[in-house]
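Residue numbers begin at 1 in each chain, while the letters A, B, ... track the order of the sequences.
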Protein chains: 2
Amino acid sequence: MADNKVGKTVKEMDYVSDEELADLADLFKIFSDSTRVRIIHSLFKNEMNVQEIADTLGMQQSAISHQLRILRQSNLVKTKRNGKTIIYKLADDHVYTIFEQGLEHITE
Amino acid sequence: MADNKVGKTVKEMDYVSDEELADLADLFKIFSDSTRVRIIHSLFKNEMNVQEIADTLGMQQSAISHQLRILRQSNLVKTKRNGKTIIYKLADDHVYTIFEQGLEHITE
DNA sequence: ACCTCATATGAACACTTGTTCATATAAATA
DNA sequence: TATTTATATGAACAAGTGTTCATATGAGGT
């Protein structure tokens with residue numbers, strides 16, 4: 001801790017394995033596409049079905065569906081059925097914090 | 001705020017422009033490569049010159065130098081000269097917080 | 001001033017990624 | 001059960017990315 005140049009820690013950052021660091025990179029890779037970022041951001045306010053998301057972003061249903069699959073596989077979104085449509089919502093609010101930190105870095 | 005599904009905010013997440021969201025994606029894109037993540041992580045402990053980083057990661061000097069250029073252009077690392085070598089250090093400790101949040105998400 | 005050597009750069013390559021278009025799938029409702 | 005329709009999927013393509021190899025650059029030390 002004493003030789004830690006960047007100050008206090010919440011989770012200790014020493015001794016993180018290369019595998020964990022690779023997983024970390026994979027997580028950030030999901031946030032590295034603006035379509036996915038816009039999808040996530042739009043889900044902060046309301047849960048939505050696929051077509052609503054597509055309409056909100058002004059993109060094709062297929063493109064959105066492909067991206068939703070990636071978000072699903074990473075357990076970042078959850079789904080539930082409502083009649084004929086499938087409604088997407090964020091899996092947890094961890095992403096919110098990560099986005100906040102990122103935005104703070106950008107707008108400084 | 002009342003209709004915010006994910007709870008309290010530090011920085012308000014409503015009304016973020018598409019341009020800001022694109023910038024956010026670009027920031028995460030930098031963290032989406034495991035080499036860059038490993039470089040950043042190794043700089044948490046000590047500042048290092050290019051060859052030291054390459055040796056630490058077991059990679060070629062050229063590969064590291066290419067990645068350091070990306071980190072430099074994003075103002076994530078700073079350089080100073082020490083004799084013949086150029087020493088890299090993190091520009092600020094914002095990255096540390098972002099990494100922590102990411103690691104917490106992974107290890108939960 | 002001239003080497004030396006650490007770092008930076010450019011071209012080439014294989015690999016990955018996001019979108020579109022066309023179509024398959026499957027649950028709902030008549 | 002048949003039909004409808006929202007969503008998912010696969011192939012194809014263009015664009016982007018990270019590494020290697022070879023070489024340029026330029027500041028340091030003599």
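- Residues from residues 52-64 of chain A with heavy atoms under 4.0 angstrom of DNA chain C, sorted by number: A:Met59, A:Gln60, A:Ser62, A:Ala63.
- Expressed to the nearest 0.5 Å, how far CG of B:Asp26 lies from CG of A:Asp33 amounts to 10.0 Å.
- Between A:Leu43 and A:Lys89 there is no side-chain heavy-atom pair separated by less than 4.5 Å.
- Taking the side chain of B:His66 as heavy atoms from C-beta on, and the options C:dT19, C:dG10, D:dG18, the nearest nucleotide is C:dG10.
- Minimum atom distance to the side chain of B:Asn49 is reached by C:dT7, of the listed C:dT7, D:dA8, D:dG18.
- Annotation: side chain of A:Arg36 is in contact with side chain of A:Ile30 (closest heavy-atom distance under 4.5 Å).
- Remark: P of C:dA8 and CD of B:Gln51 are 11 Å apart, rounded to the nearest angstrom.
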Short N/O separations, protein against nucleotides 24-27 of chain C, under 3.5 angstrom:
none

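- Nucleotide C:dT7 holds its P atom 13 Å from the CD1 atom of B:Ile39, rounded to whole Å.
- Rounded to an integer number of Å, the gap from CD of B:Gln67 to P of D:dG18 is 5 Å.
- Atom CZ in A:Phe31 sits roughly 16 Å away from atom P in C:dT17 (whole-Å rounding).
- Rounded to an integer number of Å, the gap from B:Arg36 CZ to D:dG16 P is 15 Å.
- Legend: ring-ring contact (aromatic ring centres under 6.0 Å, His included) pairs involving residues 74-94 of chain B, not counting sequence neighbours, sorted by first then second residue: A:His105-B:His94.
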